[in-house]
Colleague: 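Before I ask anything, let me first share the structure, which is written out below as structure tokens.
None of the values given here were measured: they were computed from a predicted structure. Values reported hereafter were calculated over all heavy atoms of this structure, with side chains retained and with hydrogens, waters and symmetry mates removed. Numbering of ligands and ligand atoms starts at 1, following listing order.
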Amino acid sequence: MTDRIAKLELNGESYEFPVLSGTVGPDVIDIRTLYAKTGHFTFDPGYTSTGSTESGITYIDGGQGTLLYRGYPIEQLAEKSSFLEVSYLLLNGELPSKAEFAEFEEKITRHTMLHEQMVKFFEGFRRDAHPMAIICGAVGAMSAFYHDSTDITDPKQRVIASHRLIAKMPTIAAWAYKYSVGQPFIYPRNDLGFAANFLRMCFAVPAEEYVVSPTMARAMDRIFTLHADHEQNASTSTVRLAGSSHANPFACIAAGVASLWGPAHGGANEACLNMLREIGSVDRIPEFIERAKDKNDPFRLMGFGHRVYKNFDPRAKVMQQTAHEVLSELGVENNPTLQVAQELERIALEDDYFIEKKLYPNVDFYSGIILDAIGFPTSMFTAIFALARTVGWISQWKEMIDDPKQKIGRPRQLYTGATARDYIDISER
Ligand code: CMC
């Protein structure tokens, strides 16, 4: 907090608004009384200058390329921590002690199975359904299966719902995949780690043993860690907005899944790999670079650019290194998609258009390459993002519900439609 004020001159009157400071990052002008004092709203489509909430979970400095979860740099967490420990951190604010972690791990591990009736729910989908469509439906349907954790006024139920969502998302995502390839659902195994269990549920078949590669499990865990939270992005804001009306957590997370699906957000990793395949060979890259620069062509280089990072996305740096580890273990470094990706990265980083506009490869550029190499179809990429982001969504939802100042989200508008006019009967139109 500061005692500084911002002054607004409007129609010959002067108004004052407090300037608030967080622990780090730009100060904000508190305009909550603006409408009451002046009869004006602010206008900020896309919320490029609007802070929608106070939050102590994730901090991003887009200019510096910094990302902190509860104060800890993402690079340190990706190297030294694990997705489950990061989940505890995001949910509870502090890294767990050994005993706290053991208890948390046990709880998540023991909540991974889905209500058996949900199998029938999966079977109701067409085989060619997109996994995100299934996940959206299955997560929304959880509110119909887990009635004992939908009362948001009960803190215990809120915790159970959080654990259920984190634990069951891998099973839901893996089953969405299994269903699409016509293979039997593989049930979770409690003796495997979070990422290894997910890989097994995706790639094992009952006919033979499936051995999880530690490199793949580590890469998967890193992908989860790097995608776990990202401040007030579109899907997180969607979860908060849905939750602000006191909707149950399963319904709110389903809303987040829907928002994440779009190609400008979580769908970018899928769109990026499809684009790399469409480019097909290194010699076609200049043609696509020209299209990306052409104002009359809606084409954009998927996996490049970010609303907040105007410097290298710190998650992309970690992913770049993981991509090399995975590809060398799999021996697929000469794969043509990867060659296109590497060359595209090199050219875009040297091209004036991309330099001037600060368009760097983002996390989805590299995560798509890794997931492809592990064997996931592109349609699963966003599903994996949703699985990981569930912990961020639920942490942000929890923070919002715990906040006594929380109000229903209700933006206003600049109305540009018709002014009041009289109804004309259809016979006279
Ligand atoms: N390729 C070519 N030009 C681009 C690109 C791109 N990927 N991204 C932005 N630009 C240009 C854009 O045409 C505009 O040019 P001008 O100023 O001449 O009109 C300028 O850069 C600024 O673009 P913007 O759309 O105003 O920027 P934004 O902050 O609203 O958009 C973005 C951010 C991520 C939606 C955008 O960069 C984009 O569409 N990137 C491709 C999709 C993508 O990879 N998304 C994943 C983001 S990371 C994962 C996540 O957080 O969800």
Colleague: Is the backbone N or O of Ala228 less than 3.5 Å from a side-chain atom of Tyr69, with the two atoms forming a donor-acceptor pair by type?
Modeller: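 It does hold such a pair.
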Colleague: Output every pair passing salt bridge (charged side-chain N to carboxylate O under 4.0 Å, His left out) with a member in residues 61-89, not counting sequence neighbours, ordered by first then second residue.
Modeller: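 Listed once each, the pairs would be none.
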Colleague: Knowing that exactly one of Lys317, Lys310, Arg315 qualifies, which makes a salt bridge (charged side-chain N to carboxylate O under 4.0 Å, His left out) with Asp313?
Modeller: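 Of Lys317, Lys310, Arg315, salt bridge (charged side-chain N to carboxylate O under 4.0 Å, His left out) with Asp313 is met by Arg315 alone.
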Colleague: Scan residues 294-308 for pairs that pass side chain to side chain donor-acceptor pair (under 3.5 Å), counting only residues two or more places apart or in two chains.
Modeller: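 Pairs touching residues 294-308 that pass the test: Arg291-Asp297.
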Colleague: For a quick check: using heavy atoms under 4.0 Å, what are the residues in contact with ligand 1, sorted by chain and number?
Modeller: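 Those residues closer than 4.0 Å to ligand 1 by some heavy atom are Ala264, His265, Gly266, Ala268, Ala292, Lys295, Arg300, Leu301, Met302, Gly303, Phe304, Gly305, His306, Arg307, Lys310, Tyr353, Lys357, Leu359, Asn362, Asp364.
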Colleague: If you look only at distance, which donor and acceptor atoms sit under 3.5 Å apart when one is on a side chain in residues 247-258 and the other is two or more places apart or in another chain?
Modeller:
| unit_1 | atom_1 | unit_2 | atom_2 | d |
| --- | --- | --- | --- | --- |
| Asn248 | OD1 | Phe250 | N | 2.9 |
| Asn248 | OD1 | Ala251 | N | 3.0 |

Colleague: Strictly by modelled atom types, are Thr236 and Gln396 linked by a side-chain donor-acceptor pair under 3.5 Å?
Modeller: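 No, Gln396 and Thr236 have no side-chain donor paired with an acceptor closer than 3.5 Å.
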